[in-house]
Every structure is written in C-alpha cells, then in structure tokens.
Q: 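Attaching a single structure in structure tokens format; questions to follow.
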Amino acid sequence: MTPFTYHRAKDVADAARLAADHPGARFIAGGTNLLDLMKARVEQPAHLIDINRTGLDRIEDSDEGGLRIGALVRNADLAAHRRVRSDYEVLSRALLAGASGQLRNKATTAGNLLQRTRCPYFYDVSKPCNKRDPGSGCSAIGGMSRGLAVLGNSEHCIATHPSDMAVGLRVLDARIETIKADGTARTIAMADFHRLPGETPQVETGLEPGELITAVTLPPPVRGRHIYRKVRDRASYAFALVSVAAIVSEGERRVALGGVAAKPWRVESAESGGVDDLADALTADARPTDQNAFKLTLLRRTLSAVMTEASA
C-alpha cells in the first residue's frame with residue numbers, strides 16, 4: 001500500500017471536522033472494499049478517518065412509522081432485524097443474496113452503498129479506465145464485457161454497480177442522510193444517489209468531497225409480496241448478471257433491477273402496465289455489447305418469473 005495517515009473520529013462532528021482538515025481523505029468502517037482497492041493501488045488516499053466509534057450503528061423506528069438505519073449497521077444485523085424481516089423483506093432478501101456470511105458480518109450499510117464497480121479493468125491499473133483515470137479510455141469497450149452494463153452506459157464507461165442492498169433500497173424508496181464537511185446535514189433520495197457515467201464516470205454518487213453518510217431511512221412499510229431474485233454464475237459469492245427486486249400487491253407493483261447499470265434501475269412510470277410493457281420500458285435505449293446482449297433476454301425471463309411467483 002501507499003503510506004497514509006490515520007485518525008479515529010470520536011463522533012460525527014469530529015469526523016466532519018477531520019474531513020474538512022484533510023481534503024481527499026476517505027472514511028473507513030468495515031473496509032471490505034476500500035482496503036482491497038488500496039492494496040491494488042486503485043485508490044491511494046493520503047488519510048483515513050475511522051468512523052467506527054461515531055455511534056451510527058443503531059436501527060430505530062422513525063416517527064413516520066418507517067425505519068432509520070445507521071450507517072454503521074452491519075449487513076448481517078440488518079438482514080436479521082425483526083422489522084426488516086417482517087416489514088421490508090425485499091431488503092433482507094437482497095442483503096442475504098450478497099457476498100458471504102463473513103463479509104456480511106463486517107460490511108456496513110453506508111459502505112455497501114459506496115462500494116465500487118467490480119469491472120476487471122477498473123481493478124487492473126495497467127489498463128486504461130476512465131473511472132480510475134479520467135480521460136484514459138475504457139478498456140471494457142471492445143474487451144471482456146460479459147458481466148457489464150447494458151443500460152445507462154456511455155461511450156466512456158460500461159461498468160455496473162455491484163450492490164444487492166442498493167436494489168432493495170431503491171424499490172423501497174429509501175432516503176440517505178448525510179453530513180457535509182462543513183457540518184451541515186441533508187437528505188438524498190435513493191433515486192438520485194448513484195450517478196450514471198455519462199462523460200464523467202469517475203463521479204459515482206451525489207456526495208460532495210468529505211460528505212459522510214450517517215443513516216438510511218425507510219418509509220412506512222409497503223404491503224404485498226416481497227421478492228428478490230438474483231441470477232448469477234454460481235450460487236454464492238458472485239455478483240448479479242441480473243437481479244430483480246419487486247413488491248407486488250393488488251393495488252401496486254414496484255420493480256428495480258440490479259446487475260445491468262451503474263445504479264439500481266427503475267422506471268416507475270411503467271410499473272402499472274403489463275409485464276411485457278414494463279420489460280420494454282426497462283430495456284428502452286439499451287446499449288449492450290456482443291458479449292452481454294444475453295442480459296436483455298435474461299432480464300425479461302427473470303422479470304416474468306418474479307411476476308409469476310408474486311401472483312402464485
């Protein structure tokens with residue numbers, strides 16, 4: 001690794017102050033992604049701010065009847081929480097579909113949202129990558145692209161976002177609470193949190209430099225059948241080729257996709273139509289490569305299977 005300095009924040013205010021004092025610093029909690037990136041020299045922060053003692057590890061009922069999930073809540077604890085299992089089952093299912101038991105015991109809510117793409121060219125520092133080195137080119141275009149994006153991609157990047165949890169949060173209309181380096185707080189809708197690559201694939205979220213996620217809030221429960229189906233190359237410890245998070249009731253249907261874009265993919269305006277119409281809307285303007293065009297067929301079949309399961 002490249003040498004770095006380290007501070008352990010005492011509380012959220014201290015973390016914000018340290019971020020302001022150390023431009024370019026990175027927050028670290030579980031470290032399940034960041035440490036790998038540092039070892040591979042993909043990321044080389046000069047300073048780390050440890051936030052594990054900031055008290056952001058609680059799950060609490062909100063005044064509106066929803067749930068407030070601290071940024072440091074471990075994935076395993078969130079998936080097993082009584083209210084998550086009963087009221088937000090799609091989120092519990094999505095969490096349990098991700099990574100391995102060992103990683104879920106360490107990985108945090110905020111870290112899951114902020115994990116970076118697993119595109120092989122992003123991890124290979126000998127290859128051009130606009131996400132890692134803006135303006136250098138995208139090696140995946142014309143290269144190995146089987147697992148990469150078919151929706152929302154651009155001529156500058158075709159990487160996907162790897163999170164299962166984020167897909168569950170998107171279908172639940174979650175909101176993300178943050179504190180900026182100057183100490184001011186704000187809330188970001190899950191729909192607006194992750195960014196599509198466009199001409200700036202290195203800008204992956206709506207966070208400002210030094211901005212810290214403090215919690216994720218869920219609205220009151222949406223009743224209905226909660227389903228998360230993940231299609232992957234092997235049964236565990238593999239990222240999605242296509243995943244579908246769905247909540248289906250007699251009066252409402254919600255659907256979000258994973259494994260197909262740089263953010264969870266959802267088209268709310270088409271959710272009230274038929275399954276074929278929804279599939280058409282979800283795949284409109286798709287830009288697959290020769291190697292991953294199969295994802296569009298896989299997406300339709302997975303969506304159809306989920307809707308059949310929901311109506312059974």
Side-chain angles (χ1 to χ4, degrees), residues 8-12 15 26-36 48-116 161-179 187-188 190 193-194 205 207 212-222 226-230 235-240 243 245 247 256 258 264:
R8 178 174 286 158
K10 297 178 293 185
D11 50 35
V12 171
R26 292 296 307 273
F27 298 111
I28 187 167
T32 57
N33 186 210
L34 179 58
L35 291 178
D36 284 344
L48 292 182
I49 303 170
D50 187 331
I51 59 172
N52 279 295
R53 297 187 179 182
T54 54
L56 300 175
D57 57 352
R58 293 186 291 274
I59 303 174
E60 304 168 312
D61 294 340
S62 69
D63 294 339
E64 295 76 26
L67 210 59
R68 186 175 187 272
I69 304 160
L72 296 179
V73 172
R74 307 294 164 168
N75 288 177
D77 293 334
L78 182 58
H81 189 269
R82 177 187 58 79
R83 276 207 67 193
V84 174
R85 292 175 63 190
S86 63
D87 293 342
Y88 305 97
E89 186 182 0
V90 67
L91 176 57
S92 181
R93 288 176 176 269
L95 284 161
L96 292 173
S100 65
Q102 294 93 329
L103 285 172
R104 291 194 295 270
N105 284 334
K106 191 69 174 175
T108 63
T109 298
N112 193 310
L113 287 172
L114 294 173
Q115 63 180 305
R116 306 195 70 185
H161 193 273
S163 173
D164 292 288
M165 183 193 79
V167 186
L169 292 177
R170 179 68 182 90
V171 84
L172 288 167
D173 289 329
R175 300 183 68 83
I176 299 163
E177 298 179 1
T178 72
I179 184 168
T187 300
I188 307 171
M190 185 65 196
F193 184 74
H194 294 104
T205 72
L207 294 177
L212 173 67
I213 295 174
T214 55
V216 173
T217 57
L218 301 179
V222 179
H226 287 224
I227 299 171
Y228 187 78
R229 181 169 294 200
K230 180 178 181 179
S236 67
Y237 203 59
F239 297 101
S243 64
I247 304 176

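Keep in mind it's a predicted model, so treat the numbers as computed, not measured. Computed over heavy atoms, backbone and side chain alike; hydrogens, waters and symmetry mates excluded.
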Q: Identify the two heavy atoms, one from Q115 and one from F239, that lie closest to each other, and give their separation to 0.1 Å.
A: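 So the minimum-distance heavy-atom pair works out to OE1-CE2, 4.4 Å.
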Q: About how many Å separate CG of D61 and CG of L67, when rounded to the nearest 0.5 Å?
A: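 Taking CG in L67 and CG in D61, the distance rounds to 6.0 Å.
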Q: Rounded at 0.5 Å granularity, tell me how far CZ in R8 sits from CD1 in I49.
A: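 So the gap between those two atoms works out to 13.5 Å.
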Q: Keeping to residues at least two apart or across chains, list the salt bridge (Lys or Arg N to Asp or Glu O under 4.0 Å) pairs with something in residues 84-100.
A: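 Residue pairs with at least one partner in residues 84-100: R83-D87, D87-R223, E89-R93.
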Q: Out of curiosity, K10 NZ to T54 OG1, how far, rounded to the nearest 0.5 Å?
A: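 K10 NZ to T54 OG1: 13.0 Å, rounded to 0.5 Å.
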Q: Determine whether a donor-acceptor pair (N or O, by modelled atom type, separation under 3.5 Å) exists between the side chain of T214 and the backbone of E177.
A: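 Yes.
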Q: Looking only at heavy atoms, what is the nearest atom pair of A245 and V167, with distance?
A: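 It is CB-CG1, 3.8 Å.
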Q: Any side-chain heavy atom of L34 sitting closer than 4.5 Å to one from L48?
A: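 Answer yes - side chains close enough.
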Q: Considering all heavy atoms of both residues, which atom of L78 and which atom of M165 are nearest to each other, and what is their separation?
A: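 For L78 versus M165, the nearest heavy atoms are CD2-SD, 4.5 Å.
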Q: Could you tell me which residues satisfy side chain to side chain donor-acceptor pair (under 3.5 Å) with S163, sequence neighbours excluded, listed by chain and number?
A: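 S163 satisfies side chain to side chain donor-acceptor pair (under 3.5 Å) with N112 only.
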Q: Could you report the tightest heavy-atom contact between A107 and T32, atom names first, then the distance?
A: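 Taking every non-hydrogen atom into account, CB-OG1, 4.0 Å.
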Q: Can you name the residues that form a ring-ring contact (aromatic ring centres under 6.0 Å, His included) with H81, not counting sequence neighbours?
A: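 H81 satisfies ring-ring contact (aromatic ring centres under 6.0 Å, His included) with no residue once adjacent residues are dropped.
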Q: In the structure I gave you, are the side-chain heavy atoms of T109 and L56 within less than 4.5 Å of one another anywhere?
A: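 They are not in contact (no side-chain heavy atoms under 4.5 Å apart), so the answer is no.
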Q: Assess the residue pair L218 and L91 against the criterion (side chain to side chain contact (heavy atoms under 4.5 Å, CB included)); give the C-alpha distance rounded to whole Å, side-chain angles, the decisive distance to 0.1 Å, and a yes or no.
A: CA-CA 10 Å; L218 301 179; L91 176 57; 4.0 Å; yes
Q: Any side-chain heavy-atom pair from I213 and L207 closer than 4.5 angstrom?
A: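 Yes, at least one pair of side-chain atoms sits under 4.5 Å.
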Q: Identify the heavy atoms of S92 and A79 that sit nearest to each other, and give their distance.
A: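 Residues S92 and A79, closest heavy atoms: OG-O, 2.7 Å.
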Q: Among all residues two or more places apart in sequence or in another chain, which pass the side chain to side chain donor-acceptor pair (under 3.5 Å) test with H161?
A: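 With neighbours one apart ignored, the set is H194.
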Q: Who passes side chain to side chain donor-acceptor pair (under 3.5 Å) against S243, sequence neighbours left out?
A: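 If we apply the side chain to side chain donor-acceptor pair (under 3.5 Å) test to S243, skipping adjacent residues, the hits are Y228.
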Q: Once rounded to the nearest 0.5 Å, what's the spacing between atom OG1 of T108 and atom CG of D77?
A: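 That separation rounds to 11.5 Å.
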Q: Taking the side chain as everything from C-beta on, heavy atoms only, tell me whether L114 gets closer than 4.5 Å to F193.
A: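 Yes - at least one pair of side-chain heavy atoms lies under 4.5 Å apart.
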Q: Hey, are the side chains of L113 and V216 touching, using non-hydrogen atoms and a 4.5 Å cut-off?
A: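 Result yes, sub-4.5 Å side-chain heavy-atom pair found.
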Q: Any chance you could measure L169, atom CG, to Y88, atom OH, to the nearest 0.5 Å?
A: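 Interatomic distance, L169 CG to Y88 OH, rounded to 0.5 Å: 11.0 Å.
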Q: Do I28 and L35 pass the side chain to side chain contact (heavy atoms under 4.5 Å, CB included) test, and can you show the C-alpha distance, the side-chain angles, and the key distance before you say yes or no?
A: CA-CA 9 Å; I28 187 167; L35 291 178; 3.9 Å; yes
Q: Would a 4.5 Å heavy-atom cut-off, applied to side chains only, mark M190 and I176 as touching?
A: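 Yes, their side chains come closer than 4.5 Å.
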Q: Looking at CZ of F27 and CD1 of I51, how far apart are the two atoms once the value is rounded to the nearest 0.5 Å?
A: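 Going from the CZ atom of F27 to the CD1 atom of I51 covers 7.0 Å.
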Q: For a 4.5 angstrom cut-off between non-hydrogen side-chain atoms, does R74 reach D57?
A: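 Of all side-chain heavy-atom pairs linking D57 with R74, none is under 4.5 Å.
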Q: Do you know the tightest heavy-atom contact between K230 and G98?
A: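 Between these two residues, the closest heavy atoms are NZ-CA, 4.1 Å.
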Q: Would you indicate whether the side-chain heavy atoms of L95 and D164 approach each other to under 4.5 Å?
A: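 No, every pair of side-chain atoms sits at 4.5 Å or beyond.
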Q: If the condition is side chain to side chain donor-acceptor pair (under 3.5 Å), which residues does D11 pass it with, not counting sequence neighbours?
A: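 Expected list: none.
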